[in-house]
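One structure is given below, represented as structure tokens, and several questions about it will come after.
Below, all heavy atoms of this structure are taken into account, side chains as well, without hydrogens, waters or symmetry copies.
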Amino acid sequence: MPTRTETRPKGQDTIHTVSSSAEALSRLPSHQVIGAYTNALSARLIDAKILVLLRQGKVFFHIGCSGHEVAQVATAMAMRPGHDWAYPYYRDLGFSLQFGYTIEEIMLEALHRKGGPSSQGFAMPFHYGHKKWRIVSQSSPTGTQYLEAVGTAMGAVKDGTDEVVYVSSGEGSTSEGEFHEAVNWAARGKFPVIFVIQNNRYAISVPVRDQLAGESVSGMVRGYGGLNRYHVDGCDFPQMFEAAADAVARARRGDGPSVIEADTVRLLAHSSSDDQRKYRDPRDLEEDIKRDPIPRLEKFLQEKGILGAADCARIRNEVQARIDAAAEWAESKGLPDPSELEACVYAPADVTRASDARGPLNAGPSVVMVDAINHALAEEMELNPKILVYGEDVAGKKGGVFTATKGLTDRFGSGRVFNSPLAEASIVGTAFGLAVRGDYKPVVEIQFGDYIWPAFMQIRDEVAMLRFRSCGQWTCPMVIRVAVGGYIHGGLYHSQSIDGFFTHIPGLRVVFPSNAADAKGLLKTACRSGDPVLFLEHKGLYRQGFASSPEPGPDYTIPFGVASVKQPGDDITVVTWGMLVQRSLDAARKVEAAHGVGVEVIDLRTLNPLDTDAIFASVKKTGKVLIAHEDTLTGGFGAEIAALIASGCFESLDAPVGRVAAKDAPVPYGPGLENAMLPQESDIIRSLEQLIRY
């Protein structure tokens with residue numbers, strides 16, 4: 001392999017330069033090289049065809065790869081489709097064709113028809129995904145794919161395979177923090193990831209000089225120990241293949257990840273919604289045309305005697321005919337059925353949909369909630385050897401800041417219970433990449449709900465969306481455990497209630513237990529669920545005596561979407577969850593003693609799915625309802641429940657729906673201020689008495 005390695009001090013990265021001698025290519029049979037040329041040319045001609053269909057109103061969006069084809073095809077040639085994994089970005093048409101996509105499949109997706117391998121019209125075209133070829137369904141946000149690729153590569157290392165993971169983007173998205181998080185984790189773990197950065201010098205209209213502090217992406221990532229770096233002409237087919245083949249070989253033998261910066265040209269505007277003439281100098285465009293990789297590839301093939309000019313013309317005519325026929329064929333296929341719109345939001349058949357608790361309670365000695373969570377994790381890890389537990393500070397004798405994972409590293413080893421970098425997006429993004437492999441079940445911890453926001457993009461746009469955007473082809477079931485809530489004098493940044501934000505996300509289950517037995521039964525269900533689960537653990541309940549309970553046995557699970565009637569009553573219903581369950585029970589008993597009314601208290605336990613049957617049945621019985629929760633009043637989940645009750649129980653209501661919630665302010669630190677901001681038992685009593693008088 002004609003590569004030159006520039007040595008650096010121990011612990012630093014290395015940069016490899018490659019020549020255009022085509023030594024690696026010379027070892028390939030000519031038909032493979034011709035196939036690569038055919039795919040590169042196909043990508044170019046597909047771009048042109050889609051633009052015609054766009055003008056005809058048959059396609060609504062296009063984002064092209066013209067100028068990038070050779071860099072993409074050359075890299076895919078160095079890999080093993082169906083064995084290796086790929087996280088392409090939206091410009092990766094050439095890569096996808098070389099990796100296994102057919103022209104017909106591209107047209108099905110472009111025309112949003114049923115039968116396409118990536119989304120069948122559920123997502124925008126040119127967001128590639130193909131289960132057969134291990135091309136993981138991609139999304140529109142730039143840079144989210146990096147961490148996911150690292151997670152998939154982590155799984156390959158844990159499984160002891162020689163799989164390599166490709167992930168790509170333009171140079172613009174290397175400005176995203178998640179790119180650097182991914183490179184750091186991959187280099188630290190020596191994971192087999194090939195980061196291909198296709199540098200066309202423009203992030204939509206933003207030039208590279210406004211993106212990078214240095215002269216190149218490969219220079220920017222200098223200093224990540226164990227990272228191989230390449231900077232090549234992405235319009236030069238032999239040079240690109242030499243770099244890709246070298247990087248892939250290094251990854252397969254355990255020599256760590258690589259960043260390949262491929263200098264390319266963007267021959268079309270960013271997308272069909274863009275006009276690059278508004279921000280690019282005509283001379284700049286002319287220079288790009290001179291570097292057009294397709295004519296350069298044809299010249300190379302002719303100089304090597306692999307193809308003649310007539311052969312190139314013939315292949316072009318054949319490809320164009322196939323593209324035209326494929327477009328006509330795809331247009332004749334059926335459109336997605338609107339009745340199937342919600343079919344791919346959640347797992348079709350899941351343990352979470354049982355109607356009753358499973359397994360005997362077999363109650364043992366009383367246990368506090370944090371220990372019940374610890375025991376549930378241990379039991380599920382014994383049951384499923386593919387469960388991995390990780391996050392900040394979760395490993396070793398510390399076992400998390402609240403000790404929920406204490407002892408698990410000693411019991412299951414550091415390969416299954418380990419610390420992550422202090423980076424929440426990294427935690428969730430890599431969990432995505434592990435889960436899509438189909439066997440691993442990540443159970444990750446976010447230390448405080450207040451710090452989950454760096455991971456919000458991964459949770460909302462990636463984890464929760466994957467099943468839907470791939471029309472059920474890809475899933476990433478995982479559990480995200482998060483400590484939430486106030487009443488512990490934690491102040492603004494350790495006391496937040498986040499349930500109102502996350503119940504707004506289709507595709508994500510939201511669980512919020514109020515006691516030890518429920519926490520254990522629900523967490524065990526979450527570990528077996530086919531959906532991603534946000535498991536909210538109230539810090540103030542971890543060691544409270546009133547939240548402790550006899551511990552259920554190892555076979556006990558609680559299905560999602562089944563509320564618990566904590567106290568029956570005939571006159572007023574209280575709907576609540578989390579810390580407010582006990583406060584509602586205490587308030588209900590005092591109101592009953594003072595006023596002789598029966599107050600029914602319902603603990604929802606899960607907010608998605610929501611047990612509307614239990615809510616409606618109780619409200620129709622009592623005629624009056626109070627919703628009590630810790631989140632702020634405005635935008636809290638109680639507003640959604642109130643709307644459902646108003647719609648489903650209007651004729652049964654004898655009073656307006658009442659709500660008790662936190663004030664619309666951050667949670668302050670001082671005890672007096674905190675008590676004034678968060679809902680108290682006295683607030684619930686006062687609201688119940690108002691309903692009595694109505």
> Going through the checks in order, is the salt bridge (charged side-chain N to carboxylate O under 4.0 Å, His left out) test met by D324 and K49?
Replying inline: CA-CA 8 Å; D324 291 339; K49 181 66 174 182; 3.2 Å; yes
> Quick one: which of W474, Y101, Y89 gives a ring-ring contact (aromatic ring centres under 6.0 Å, His included) with Y128?
Replying inline: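 Among W474, Y101, Y89, the one that satisfies the ring-ring contact (aromatic ring centres under 6.0 Å, His included) with Y128 is Y101.
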> Are E462 and S139 linked by a side-chain donor-acceptor pair shorter than 3.5 Å?
Replying inline: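 Result is yes, a qualifying pair exists.
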> Does any N or O in the side chain of Y202 come within less than 3.5 Å of the main-chain N or O of P207, such that one atom is a donor and the other an acceptor?
Replying inline: no
> How long is the span from the CG atom in N199 to the NE2 atom in H231, to the nearest 0.5 Å?
Replying inline: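 Taking CG in N199 and NE2 in H231, the distance rounds to 6.5 Å.
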>> Under a 4.0 Å threshold between the charged nitrogen and the carboxylate oxygen, would D47 count as salt-bridged to R91?
In response: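 Salt bridge flag = no for D47 with R91.
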>> Does F501 have more than 12 heavy atoms from other residues, nucleotides or ligands lying within 6.0 Å of its CZ?
In response: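 No, CZ of F501 has 12 or fewer neighbouring heavy atoms, counting only those of other groups under 6.0 Å.
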> Between S137 and G129, is there a donor-acceptor pair closer than 3.5 Å when you use the side chain of the first and the backbone of the second?
Replying inline: no
>> Taking the side chain as everything from C-beta on, heavy atoms only, tell me whether L536 gets closer than 4.5 Å to V510.
In response: yes
>> Keeping K58 on the side-chain end and V52 on the backbone end, is there a donor-acceptor pair under 3.5 Å?
In response: no
> Does E261 use its side chain to pair, donor to acceptor, with the backbone of V217 at less than 3.5 Å?
Replying inline: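 Indeed, once roles are kept as given, a pair shorter than 3.5 Å links the two residues.
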>> Using salt bridge (charged side-chain N to carboxylate O under 4.0 Å, His left out), reason through K132 and E105 one step at a time and then give a plain yes or no.
In response: CA-CA 13 Å; K132 177 181 178 181; E105 289 171 332; over 6 Å; no
> Does any non-hydrogen side-chain atom of L97 lie less than 4.5 Å from one of I46?
Replying inline: yes
> Quick one: does L147's side chain get under 4.5 Å of S426's, heavy atoms only?
Replying inline: yes
> Among side-chain atoms of Y166 and D92, is any donor-acceptor pair under 3.5 angstrom?
Replying inline: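 Present: a donor and an acceptor within the cut-off.
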> Taking E69 for the side chain and A40 for the main chain, is one N or O donor matched with an acceptor at less than 3.5 Å?
Replying inline: no
> Any side-chain heavy-atom pair from I103 and W329 closer than 4.5 angstrom?
Replying inline: no
> Within the side chain of Q145, is there an N or O that forms a donor-acceptor pair under 3.5 Å with the backbone of G143?
Replying inline: yes
> Is the backbone of A347 close enough, under 3.5 Å, to the side chain of D531 for a donor and an acceptor to pair up by distance?
Replying inline: yes
>> For S169, run the side-chain contact (heavy atoms from CB on, under 4.5 Å) check against V196, I197, T142, T144 and tell me which one passes.
In response: I197
> Do you see a donor-acceptor pair shorter than 3.5 Å between the side chains of T152 and Y87?
Replying inline: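 Distance-only check passes for T152 and Y87.
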>> H112 and ring-ring contact (aromatic ring centres under 6.0 Å, His included): which single residue from F126, F122, F60, F61 fits?
In response: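 Filter result, single survivor: F60.
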> Less than 4.0 Å between a side-chain N and a carboxylate O, is that true for D263 and R291?
Replying inline: no
> Is any side-chain N of the basic residue among E298 and R316 closer than 4.0 Å to the acidic one's carboxylate O?
Replying inline: yes
> Does the pair R266/D288 count as a salt bridge with the N-to-O cut at 4.0 Å?
Replying inline: no
>> Less than 4.5 Å apart, side chain to side chain, heavy atoms only: is that true for N200 and H68?
In response: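 Yes, their side chains come closer than 4.5 Å.
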> Does CD belonging to E215 count more than 12 external heavy atoms closer than 6.0 Å?
Replying inline: no
> So do W185 and R188 actually touch side chain to side chain, heavy atoms under 4.5 Å?
Replying inline: yes
>> Can you tell me how far apart NZ (K290) and CZ (R296) are? Round to the nearest 0.5 Å.
In response: 13.0 Å
>> So that I know where these two stand, are H130 and F99 an aromatic pair - ring centroids less than 6.0 Å apart?
In response: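 Ring-ring flag for H130/F99: false, centres at least 6.0 Å apart.
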>> Once you measure the plane-to-plane angle for F195 and F179, does it fall in the parallel (<30°), tilted (30-60°) or perpendicular (>60°) bin?
In response: perpendicular
> Within the side chain of T475, is there an N or O that forms a donor-acceptor pair under 3.5 Å with the backbone of P477?
Replying inline: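 Side chain of T475 to backbone of P477, a donor-acceptor pair under 3.5 Å: no, none is there.
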> Using a distance-only test with no angle check, is there a side-chain donor-acceptor pair under 3.5 angstrom linking T264 and Q198?
Replying inline: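 No.
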> Is there a side-chain contact between R252 and P192, using heavy atoms and a 4.5 Å cut-off?
Replying inline: no
> Is a side-chain N or O of K131 found less than 3.5 angstrom from the main chain of Q473, in a donor-acceptor match?
Replying inline: yes
>> Under a 3.5 Å cutoff, is there a donor and acceptor pairing between the side chains of H180 and Y146?
In response: no
>> What I want to find out is whether K158 reaches D439 closely enough, with some N-O distance under 4.0 Å, to be called a salt bridge.
In response: no
>> Just verifying a value: how many Å separate K386 NZ and L388 CG, rounded to the nearest 0.5 Å?
In response: 8.0 Å
>> To the closest 0.5 Å, what do you measure between CZ (R229) and OG (S216)?
In response: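 One finds 7.5 Å between CZ of R229 and OG of S216.
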>> Taking CD in Q56 as the centre, count heavy atoms belonging to other residues, nucleotides or ligands within less than 6.0 Å. Is the count above 12?
In response: yes
> In Å and rounded to the nearest 0.5 Å, what is the CG to CD1 distance from L41 to I323?
Replying inline: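 Rounded to the nearest 0.5 Å, the CG-CD1 separation comes out at 7.5 Å.
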> Any side-chain donor-acceptor pair under 3.5 Å between H127 and S118?
Replying inline: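 Side chains of H127 and S118: no pair found under 3.5 Å.
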> Are the charged groups of R250 and D246 less than 4.0 angstrom apart, N to O?
Replying inline: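 Judged by the 4.0 Å cut-off on N to carboxylate O distance, R250 and D246 do form a salt bridge.
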>> Is the shortest side-chain heavy-atom distance between L534 and I505 below 4.5 Å?
In response: no
> Within the side chain of R277, is there an N or O that forms a donor-acceptor pair under 3.5 Å with the backbone of D275?
Replying inline: no
> Roughly how far apart are Q120 CD and K333 NZ, rounded to 0.5 Å?
Replying inline: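 Separation between the atoms: 12.5 Å.
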> Any Lys/Arg nitrogen of E104 or R322 sitting under 4.0 Å from an Asp/Glu carboxylate oxygen of the other?
Replying inline: yes
>> Would you say that more than 12 heavy atoms from the other residues, nucleotides or ligands in this model lie under 6.0 Å from the NE2 of H83, or not?
In response: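 More than 12 within 6.0 Å, yes.
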